[in-house]
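Following: one structure in structure tokens, then a few remarks.
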Protein chains: 2
Amino acid sequence: MSQVWKEYQEKNKDRFLEEMLELLRIPSVSARSEHKSDMIKCAEAIKDALLASGCDKAQVMETGGHPVVYGEKIIDPNKPTVLVYGHYDVQPVEPLELWHTPPFQPTIIDGKIYARGSADDKGQFYMHLKALETMVNTNTMCTNIKFIIEGEEEVGSPNLAKFVAANKDLLKADVILISDSALLSMDTPSLDTGVRGLSYIEVEVTSAARDLHSGSYGGAVANPIVVLSKMIASCHDENNHITIPGFYDDVVTVSDEERALINKAPFDEEEYKKEIGIKELWGEKGYTTYERTGIRPTLELNGIWGGYTGEGSKTVLPAKATAKISARLVPNQSSEKITQLLLDYFRKIAPSCVTVNAFEHHGGEAYNTPIDSKGYQAASKALETTFGKTPIPVRGGGSIPICHTLEKELGTQIIFMGFGLDNDGLHSPNEKYNVENYFKGIETIPYFHKYFAE
Amino acid sequence: MSQVWKEYQEKNKDRFLEEMLELLRIPSVSARSEHKSDMIKCAEAIKDALLASGCDKAQVMETGGHPVVYGEKIIDPNKPTVLVYGHYDVQPVEPLELWHTPPFQPTIIDGKIYARGSADDKGQFYMHLKALETMVNTNTMCTNIKFIIEGEEEVGSPNLAKFVAANKDLLKADVILISDSALLSMDTPSLDTGVRGLSYIEVEVTSAARDLHSGSYGGAVANPIVVLSKMIASCHDENNHITIPGFYDDVVTVSDEERALINKAPFDEEEYKKEIGIKELWGEKGYTTYERTGIRPTLELNGIWGGYTGEGSKTVLPAKATAKISARLVPNQSSEKITQLLLDYFRKIAPSCVTVNAFEHHGGEAYNTPIDSKGYQAASKALETTFGKTPIPVRGGGSIPICHTLEKELGTQIIFMGFGLDNDGLHSPNEKYNVENYFKGIETIPYFHKYFAE
């Protein structure tokens with residue numbers, strides 16, 4: 001089949017790219033209420049694209065939040081069914097001034113598509129539509145294919161669990177396939193074997209009822225920035241170990257064998273530092289970089305603000321200071337439990353001179369997939385076919401909060417077959433996706449279906 | 001004379017108020033470059049008001065920054081001369097959403113004039129123009145009066161020292177009179193005997209060259225918010241004593257007698273807490289609230305920001321975090337020395353995994369005035385005349401960075417005769433100045449001139 005696929009894809013290359021760029025032009029930022037109509041516009045565009053790519057049926061389906069797009073191409077109920085999961089929502093684009101090109105005007109420079117959502121995840125899930133089109137139009141379909149493309153992944157999929165529970169029959173499949181992760185490199189193909197869980201909270205510290213003059217009141221009234229800083233400073237010890245009591249309680253010790261396997265992946269420290277512009281590596285003592293982002297839970301400050309943040313100076317004693325704080329979790333840690341632990345911690349350590357308002361943003365459980373499953377083997381063979389090398393299994397650092405629920409509700413294992421690169425700048429200014437990777441994904445995906453059907 | 005002053009002021013009351021409100025409508029924010037033309041507009045308006053109030057001469061004078069307005073009414077070179085200092089620039093208004101009325105549309109509610117600059121300092125220096133007008137139009141001038149109204153007080157008067165040095169003859173006077181401070185209350189009149197010095201710096205901590213995905217890189221790259229928080233947390237110990245080495249080196253011990261005098265001023269802890277909405281008092285162990293804001297140096301966080309600060313959540317590992325930090329200084333501490341100490345401290349304690357960019361905003365020396373001087377005695381008698389009580393001498397917590405330089409360059413002592421109240425909300429949203437205080441100031445000022453000329 002490889003020859004007909006190749007020919008079809010070669011002939012339709014330009015259109016495949018242009019269609020995806022069109023989708024990147026819709027500013028589907030799920031976190032911002034002002035983009036509500038863009039979310040609907042984006043969902044409708046995907047529905048149309050699913051039909052145009054060969055689905056028999058496609059529809060925009062309501063949830064309590066942003067809609068889900070469902071599509072399917074059923075060739076034979078007796079054949080295996082692959083459910084493709086993806087998300088059409090994107091992260092906010094701020095700080096906007098750091099973008100070299102407008103985030104919603106995709107711009108190709110040196111083979112890289114710069115746009116918010118190019119790698120995460122529009123450019124990646126769209127590969128599956130073009131792989132479907134390839135198979136449909138070359139009469140080479142060997143599995144049924146279903147699509148569930150959601151609009152709330154970047155805000156923790158608050159409505160998807162309910163949607164999945166209510167649509168179990170519709171979503172029934174033999175395997176779930178997700179392209180929302182990265183390869184180690186184009187020379188070192190890899191497959192993620194899991195995602196980390198997430199707990200995300202916000203902590204607001206209030207001292208006075210209003211901003212005060214720092215000369216009249218400074219020294220006599222607690223400064224909420226100082227108080228919040230002390231609270232944040234207390235979370236990591238000198239070995240960068242998290243000190244919040246109970247945080248590591250449910251972390252399962254990873255075997256020496258698995259740690260050895262993880263550290264087999266090539267790692268060039270100088271290249272890594274140069275790539276992201278850091279002076280030194282950092283992290284929990286006793287672990288390598290891959291271990292720190294793969295098998296260990298972490299605690300990050302995602303944002304902080306308080307007082308005067310404009311040009312010049314203002315001698316103000318601010319009334320409040322706020323921080324956004326999140327933890328990445330590993331298997332066996334409960335997101336709900338850790339969220340509660342974090343909330344309790346920040347409420348408890350606050351001195352009595354301030355008021356703390358701590359609340360949850362969203363969370364999700366970690367998920368791990370076995371490498372001896374039929375799905376993993378099909379993905380591994382597919383990458384081997386198009387890259388010429390067996391992919392390395394790696395633990396992914398990111399989170400797809402819904403994975404745990406998907407498997408629980410549908411009883412179906414998840415396979416992570418992503419085609420991004422670590423330097424795609426997900427969630428950052430100047431997010432990009434390489435044109436080469438986009439086409440490599442479209443080339444590889446049909447093989448997954450072929451091997452999975454065998 | 002008191003009767004003719006009273007009659008004149010009563011007759012012109014409404015106009016006196018309306019003229020001042022007109023000045024409050026000009027958004028003269030010195031820290032923001034977009035207000036450059038407003039600054040010039042404001043200076044011109046003051047020049048016109050000085051002439052209309054009875055000055056023989058008034059002019060807008062260039063400096064390296066925002067202009068200075070000079071005015072004078074010379075009645076007799078052999079009479080004593082009073083130099084009135086004030087400033088027409090105001091603090092930024094952010095956070096704007098906390099204002100109940102627009103900051104540059106003065107609104108009178110329950111006898112309070114809500115507007116940025118109402119108390120600090122337009123409403124206060126303008127009293128001197130209306131006191132001048134009162135004396136000129138009732139033929140009761142007994143001193144010469146000069147005015148120097150600057151436009152950069154809120155940004156540390158960076159160009160005024162040079163201006164003063166270049167215009168020593170023009171500014172020659174026997175006393176400098178400043179209304180830019182507060183009374184303990186309308187029932188307990190007071191006179192400030194000094195201002196604190198100031199050092200103001202900004203510290204920017206950078207880890208990576210760009211914002212990173214907190215899942216892919218969190219735990220493996222230093223988080224600049226965590227690093228900055230730890231640096232801030234290190235500045236105060238558990239007794240709220242500042243731990244920066246050398247910070248207290250030049251602080252002169254205040255005698256038990258002076259401390260006793262300071263603590264004689266009435267202080268109602270419950271009222272104080274209620275007024276500003278705090279749960280508890282806070283501060284350096286071993287000192288009372290008045291001592292903490294009067295005789296002790298302090299270190300405040302005026303602002304902090306980094307990462308995602310918008311609605312909802314974003315799982316980002318930010319590239320940088322920044323803080324605005326200032327210290328209030330007491331007599332004998334050098335602003336330049338403390339600024340350097342702070343810059344060195346933050347540069348030195350930063351871990352090697354981050355880059356620190358620390359720089360100075362502005363500073364100024366502390367200033368103290370003796371209470372046995374002719375000027376202080378004239379002010380004390382003036383307040384006694386109109387309030388019916390001898391004012392209490394208090395150490396002010398705020399800073400007027402140029403005081404030290406004014407005395408040094410001109411050899412002239414400064415008298416602080418302010419008519420604000422601590423709850424005026426200087427530098428805060430909803431800054432206000434009471435109509436009653438404005439007229440009380442206009443009533444009191446002529447007596448200062450009378451007693452000073454005696």
Side-chain angles (χ1 to χ4, degrees), chain A residues 31-32 91-92 94 155 200 208-216 218-223 225-226 229-230 232-233 276-280 282-283 289 292-293 296 298 300-317 326 328 352-353 361 397-399 422 426-428, chain B residues 31-32 91-92 94 155 200 207-216 218-223 225-226 229-230 232-233 276-280 282-283 289 292-293 298 300-317 326 328 352-353 361 397-399 422 426-428:
Chain A
R32 301 277 196 174
Q91 282 275 319
E94 291 78 13
V155 293
Y200 201 123
R210 57 182 163 87
D211 283 1
L212 300 170
H213 186 294
S214 72
S216 310
V221 171
N223 187 310
I225 300 177
V226 173
S229 293
K230 283 189 183 258
I232 293 167
I276 54 176
I278 56 170
K279 285 159 69 183
E280 285 178 19
W282 180 97
T289 293
R292 288 165 176 169
T293 60
R296 295 297 290 171
T298 62
E300 289 303 327
L301 265 289
N302 306 109
I304 192 166
W305 69 101
Y308 183 66
T309 59
E311 187 188 351
S313 60
K314 185 180 175 189
T315 45
V316 66
L317 170 55
S326 65
R328 297 283 173 172
S352 54
C353 55
H361 270 302
S399 304
D422 267 344
L426 311 190
H427 300 201
S428 307
Chain B
R32 301 277 196 174
Q91 283 275 319
E94 290 79 10
V155 292
Y200 200 122
S207 175
R210 57 180 163 89
D211 283 1
L212 300 170
H213 186 293
S214 72
S216 310
V221 171
N223 187 309
I225 300 178
V226 173
S229 293
K230 284 189 183 259
I232 293 168
I276 54 176
I278 57 170
K279 285 160 67 184
E280 284 178 19
W282 181 97
T289 294
R292 286 164 177 169
T293 60
T298 62
E300 290 302 326
L301 265 290
N302 306 109
I304 193 166
W305 69 101
Y308 183 66
T309 59
E311 186 188 352
S313 59
K314 184 180 175 189
T315 44
V316 67
L317 170 55
S326 66
R328 297 283 173 171
S352 54
C353 54
H361 270 302
S399 304
D422 266 346
L426 311 190
H427 300 202
S428 307

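Naming: A, B, ... by sequence-line order, numbering from 1 per chain. A quick note: this is a predicted structure, and the numbers were derived from the prediction, not measured. Below, all heavy atoms of this structure are taken into account, side chains as well, without hydrogens, waters or symmetry copies.
Ranked by non-hydrogen atom pairs under 4.5 Å with chain A, the options B/Ser399, B/Ser326, B/Ser207 are led by B/Ser207. Contact tally against chain A (heavy-atom pairs below 4.5 Å) for B/Ile232, B/Ile225, B/Val155: the top residue is B/Ile225. Of the listed residues (B/Ala222, B/Gly397, B/Gly283), the greatest number of heavy-atom pairs within a distance under 4.5 Å of chain A belongs to B/Ala222. For chain A, the option among B/Ala31, B/Gly307, B/Gly218, B/Gly398 with the highest count of heavy-atom pairs below 4.5 Å is B/Gly218.
The CD1 atom of A/Ile278 sits 8.5 Å away from atom CG of B/Leu212, with the distance rounded to the nearest 0.5 Å. Summarising the geometry, atom OG1 belonging to B/Thr298 is positioned 9.0 Å from atom CG belonging to A/Leu317; distances are rounded to the nearest 0.5 Å. In this structure, OG on A/Ser428 lies 7.0 Å from NZ on B/Lys314, to the nearest 0.5 angstrom. In this structure, B/Glu300 CD and A/Asn223 CG are separated by 4.5 Å, a value rounded to the nearest 0.5 Å. Taken from CG in B/Asn302 to OG in A/Ser313, the straight-line distance is 8.0 Å, to the nearest 0.5 Å.
Of the atoms belonging to B/Gln91, it is side-chain heavy atoms, and not backbone ones, that fall under 4.5 Å from chain A. The parts of B/Ser229 that come within reach of chain A are both its backbone and its side chain, each placing non-hydrogen atoms under 4.5 angstrom from that chain. Both the backbone and the side chain of A/Glu311 come within contact range of chain B, with heavy atoms under 4.5 Å apart. Proximity to chain A is limited to the side chain of B/Arg328, based on heavy atoms less than 4.5 angstrom apart. In this structure, chain A has a heavy atom under 4.5 Å from the side chain of B/Tyr200, while its backbone stays farther away.
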Take A/Val221 and B/Ile276, measure what side-chain contact (heavy atoms from CB on, under 4.5 Å) needs, and give me the verdict at the end. CA-CA 9 Å; A/Val221 171; B/Ile276 54 176; 3.6 Å; yes

Between B/Lys279 and A/Cys353, is the side-chain contact (heavy atoms from CB on, under 4.5 Å) condition met? List the steps. CA-CA 6 Å; B/Lys279 285 160 67 184; A/Cys353 55; 5.9 Å; no

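Between the side chains of A/His427 and B/Thr315, at least one donor-acceptor pair of N or O atoms lies under 3.5 Å.
Remark: B/Asp211 pairs with no residue by the side chain to side chain donor-acceptor pair (under 3.5 Å) rule, at least two apart or across chains. The side-chain contact (heavy atoms from CB on, under 4.5 Å) search around A/Thr293 returns A/Arg196, B/Ala220, not counting sequence neighbours.
Although no hydrogens or angles enter the test, the distance criterion places a donor-acceptor pair under 3.5 Å between the side chain of B/Lys230 and the main chain of A/Ala233.
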